[in-house]
Amino acid sequence: MLAAPLVLGTAAAYLLLLFAVAAWGDRRARQGRSVVGNAWVYALSMAVYCTAWTYFGSVGRAASGGIWFLPIYLGPMLAMTLAWLVLRKMIRIANHYRITSIADFVASRYGQSPLLAGLVTLITVVGIVPYIALQLKAIASGYAVLTTPLGAEPAARGPWWQDGTLAVALALAGFTMVFGTRHRDASERHEGMVTAIAFESVVKLLAFLAVGAFITWGLFAGPGDLFARAQAVPELATLLTLGQGQPFPYAQWLALTLLSMLSVVFLPRQFQVMVVENVDERHLKRAAWVFPAYLLAINVFVLPIALGGLLYFGGRSVNPDTFVLSLPLAAGQPTLALAAFIGGLSAATGMVIVEAIAVSTMVCNDLVMPLLLRLRRFARHGDLTGLLLGIRRAAIVVILLLGYLYFHFAGEAYALVSIGLISFAAVAQFAPALLGGMYWKGGTRGGALAGLLAGFGLWVYTLMLPSIAKSGWWHTDFVDAGPWGIVLLRPEQLFGLAGLDYLTHSLFWSLLANVGLYVAVSLARLPSAREASQALLFVDVFERTQSAHPVFWRGRAELTDLLALAGRFLGAARARTLFEDYARRAGLGGFEQIEPDAQLVQFVETQLAGVIGSASARVMVASAVQEEALALDDVMRILDEATQLRAYSRALEEQSASLRRATEELRAANEQLKSLDRLKDDFMSSVTHELRTPLTSIRALAEMMADDPQMDVAQRQQFLGIVVAETQRLSRLVNQVLDLAKIESGHAEWRNSDVDMRALVQQAAQAMAEPLREQGTQLTLELPERVPTLRADADRLTQVLLNLLGNAAKFVPKPGGRIGLRLTTDAAGVTVQVRDNGPGVPEEQRSLIFERFHQGGDINHRPTGTGLGLPISRQIVEHFGGRIGLRADIDQGACFEFTLPWEAPEQAARDTGDPP
Amino acid sequence: MRRTLLPQRLTGLFGLALLLFNFPLIALWDRPATVWGLPLFPAALFALWALLIVLLAVLMEDAGD
């Protein structure tokens with residue numbers, strides 16, 4: 001056993017740590033570096049599902065029923081497979097309409113009905129109090145196990161003012177107040193609380209795993225040994241089978257699975273962390289599988305601990321619910337026992353904090369506020385923000401005190417699990433109205449009210465009252481014999497339905513009546529305008545976009561009235577900021593210019609709904625404006641308009657997108673045309689320039705000869721020689737220009753044949769041999785033995801070769817020039833290199849030499865030539881799918897290289913060998 | 001295409017999980033055998049559960065935005 005001060009001190013230190021974590025989370029949120037914007041934190045916060053019931057109760061359940069602890073965790077697994085479909089819709093709706101609780105959700109869906117909101121809140125409070133009692137009981141009994149000697153009876157309970165459980169309840173209430181009611185706006189997320197819950201989830205998981213590992217490997221020699229020893233004991237061996245020797249009650253198994261599947265969404269704390277505190281619905285994608293994985297991890301050691309405890313304690317009477325604590329304690333591991341207690345404390349506090357915040361919000365917004373707002377005094381009251389906080393704080397204290405009272409009077413009679421299941425069955429009653437409302441537009445307020453009342457009534461009659469009776473607070477006659485001795489009305493075998501356990505029995509009747517009445521009453525009449533409009537907003541939430549959002553409101557409003565109304569609940573400064581933001585979004589200069597139209601009324605109502613719930617917000621807005629009642633036809637008309645608007649805006653968007661595309665294309669085409677035009681201008685000016693030079697000299701010489709008939713023959717002969725040469729140059733230039741134009745426009749004639757590149761290169765070399773020898777240049781050939789033929793125009797390729805060789809000849813030093821001609825082949829094609837030992841091509845000119853009329857060398861030493869040779873060569877090579885270029889990796893001289901593929905592109909290959 | 005398939009795949013997974021954890025498939029594992037020293041029945045339940053989590057994780061993490 002441990003000393004009481006040590007246990008209390010550690011527990012207090014842990015709670016302080018939890019508080020520090022929450023404060024840290026809040027501070028990060030204020031700094032804009034929120035820790036909550038993280039899918040892992042979101043997934044861990046969902047693990048608030050695992051309460052003291054999981055922590056202590058699962059082991060107790062396993063010790064008596066084997067695998068019967070599992071359906072409570074398989075249900076969430078099933079629910080999470082559908083999370084992306086169902087939960088995401090819920091999150092979207094809640095986010096859109098600033099819904100802050102289940103009561104608000106249901107009420108808002110069925111026409112913002114205060115009656116429905118109140119009923120849901122009432123059911124929640126009644127249903128959840130036992131669950132809170134369960135947490136208090138777990139903490140109290142855990143503390144007792146730690147501080148009393150093993151096997152000794154716990155000390156008799158003293159008077160209530162000395163009861164530690166009451167102190168625990170009050171401490172948790174204070175803690176919850178500090179955690180949860182610092183913000184006025186309930187839809188303003190409690191980031192600090194979520195951070196603390198995620199942290200708490202890690203603590204309880206680690207503590208439970210540590211105990212499990214210690215028992216499996218510390219007390220026993222691993223899981224194999226533990227299970228082998230358990231199977232040697234007949235009573236324990238049956239725990240590891242499905243039916244424990246009995247026929248297996250499949251109905252109960254299925255009912256438990258479905259029950260927990262509903263509870264994992266509809267328990268107030270689960271709705272709080274999953275829906276209200278969700279910051280980004282994409283987090284669901286990770287949480288959907290991390291949360292079930294967490295549940296798997298926390299359940300792995302349940303069976304080993306239960307069997308280990310039963311084996312270890314043998315016949316001694318130790319409550320299996322406390323095995324997690326008593327086993328380490330009995331095995332002489334007080335530190336581990338203390339850690340296990342902290343884990344359990346963690347699970348219990350986490351649950352209590354979130355549950356109390358969620359329920360207190362509900363009580364304030366959906367039960368107390370609607371009543372207060374009916375009073376004339378409050379309707380005229382000024383700023384109500386302080387009042388809101390006060391109500392919530394009081395609600396927290398009341399809820400925890402109710403939990404304590406339940407624990408005090410009824411808690412001793414039941415195991416942890418049974419208490420929890422009663423709560424589960426209560427919140428499962430919300431499922432028909434809530435899920436039906438999300439997917440069925442025909443559900444009405446009347447249907448939801450009837451279904452909820454019937455379901456809740458039957459829950460009270462078949463589950464709650466018998467449990468109270470069995471706790472000894474009531475005579476059990478009416479359970480055993482039926483009220484007034486009417487056997488057919490026995491609460492656990494209603495109408496003679498036998499063969500089901502009490503939970504399945506209750507769940508069957510209550511949900512049957514709930515669903516049946518919900519559907520039947522809904523079908524009895526058409527929905528009202530308000531119900532229909534809310535149904536449309538909820539069911540089609542994914543189809544609504546901000547721009548085409550139908551607003552189902554008609555009437556007259558004053559800007560000042562709306563601002564004053566918002567100020568009463570949000571605080572004047574905050575209301576003003578909201579209105580200014582609204583004006584900015586609408587593109588207005590200031591909030592005085594806002595048109596008090598339906599859009600603004602809805603905006604104010606949504607903002608108020610975040611603070612006081614949608615039902616109260618509706619009442620308050622209705623009191624501040626003059627509104628006209630809408631008929632069902634009006635709703636349909638507004639919807640049609642919105643739908644048309646949406647269709648128009650979509651069509652408009654598509655149109656503008658295609659216009660934008662067309663404009664882009666036009667602009668690109670225009671750019672291209674412009675650059676082509678510029679090229680043409682350049683080309684024309686270059687051509688005329690090139691033509692003028694020879695023309696000028698021809699004209700000058702001819703004039704000189706015409707002016708001077710006495711000119712001697714030798715002189716005349718020389719002049720005539722120049723004229724002939726210049727004329728030749730002219731016609732060569734004209735031919736080349738025509739040639740280039742033809743190739744570029746695709747009108748050139750290509751005479752394709754099977755070309756042997758080796759022969760072609762040799763021919764070209766022979767043709768150039770004589771002029772090269774004359775200027776003292778040495779030409780070397782480097783050719784492979786055999787080269788496969790390729791399909792091309794031999795004359796054109798010769799033209800390219802001669803051009804490259806001619807260029808090289810122009811630039812090599814005279815004498816002493818060297819030109820190397822090299823032919824190589826590879827799998828892709830054939831490569832021809834022409835290398836010289838001239839000055840090379842300067843860096844800045846390399847990209848230009850393939851442009852038309854660009855000539856190498858500097859201005860003063862223009863070599864002879866037209867400047868069209870290389871562009872034409874490039875056109876020819878590219879026509880056959882090849883590339884021509886200047887090798888950059890040459891130190892001295894220039895090295896031109898062109899490559900031709902074996903397979904020419906389709907278009908080039910189609911050219912026939914015969915001229916057309 | 002993948003996005004439009006996701007809801008159907010998830011619904012299918014839900015159906016699979018419901019079948020695996022209920023009558024009569026669950027009874028298939030209830031026999032006196034052991035795997036690696038662990039009793040078959042609980043071991044099978046946990047293994048199936050883990051398998052479903054993996055399938056769900058693959059579907060969700062693969063889904064894109």
Quiz item: Contact part of V290(A) toward chain B, heavy-atom cut-off under 4.5 Å: side chain, backbone, both or neither?
Solution: neither
Quiz item: Where on L254(A) is there a heavy atom nearer than 4.5 Å to chain B: the side chain, the backbone, both, or neither?
Solution: both
Quiz item: What residue in L45(B), V54(B), L13(B), N22(B) has the most heavy-atom pairs under 4.5 Å with chain A?
Solution: N22(B)
Self-check item: Salt-bridge criterion met for K285(A) and E61(B) (N-O under 4.0 Å)
Solution: no
Quiz item: Quick one: what part of D225(A) sits under 4.5 Å from any heavy atom of chain B, side chain, backbone, both or neither?
Solution: neither
Quiz item: Counting a contact as any heavy-atom pair under 4.5 Å apart, which residues of residues 257-265 of chain A contact chain B?
Solution: M261(A)
Quiz item: Stepwise, does the side-chain contact (heavy atoms from CB on, under 4.5 Å) test hold for Q252(A) with L503(A)?
Solution: CA-CA 8 Å; Q252(A) 191 189 351; L503(A) 184 74; 5.8 Å; no
Practice problem: Can you sort out the partners of D501(A) under salt bridge (Lys or Arg N to Asp or Glu O under 4.0 Å), two or more places apart, ordered by chain and number? | Solution: none
Self-check item: Sole candidate of I298(A), V302(A), I72(A) that passes side chain to side chain contact (heavy atoms under 4.5 Å, CB included) when paired with T54(A)
Solution: I298(A)
Practice problem: List the steps, then state whether side-chain contact (heavy atoms from CB on, under 4.5 Å) holds for F323(A) with L310(A). | Solution: CA-CA 9 Å; F323(A) 275 171; L310(A) 291 174; 4.1 Å; yes
Practice problem: Evaluate the criterion side-chain contact (heavy atoms from CB on, under 4.5 Å) for residue pair L55(B) and L16(B); output intermediate values, then yes/no. | Solution: CA-CA 11 Å; L55(B) 285 177; L16(B) 176 71; 4.2 Å; yes
Exercise. Mark yes when over 12 heavy atoms from residues, nucleotides or ligands other than W29(B) sit less than 6.0 Å from its CH2; otherwise mark no.
Key: no
Quiz item: Picking from M274(A), M77(A), R286(A), what satisfies side chain to side chain contact (heavy atoms under 4.5 Å, CB included) with F291(A)?
Solution: M274(A)
Quiz item: Would V539(A) and W440(A) satisfy side-chain contact (heavy atoms from CB on, under 4.5 Å), going step by step from the backbone distance to the final call?
Solution: CA-CA 7 Å; V539(A) 176; W440(A) 182 40; over 6 Å; no
Practice problem: Please determine, among P39(B), A17(B), A50(B), the option with the most heavy-atom pairs under 4.5 Å with chain A. | Solution: P39(B)
Quiz item: What part of L70(A) lies closer than 4.5 angstrom to a heavy atom of chain B: side chain, backbone, both or neither?
Solution: side chain
Exercise. Tell me, for L296(A) versus chain B, whether the close heavy atoms (under 4.5 Å) come from the side chain, the backbone, both or neither.
Key: both
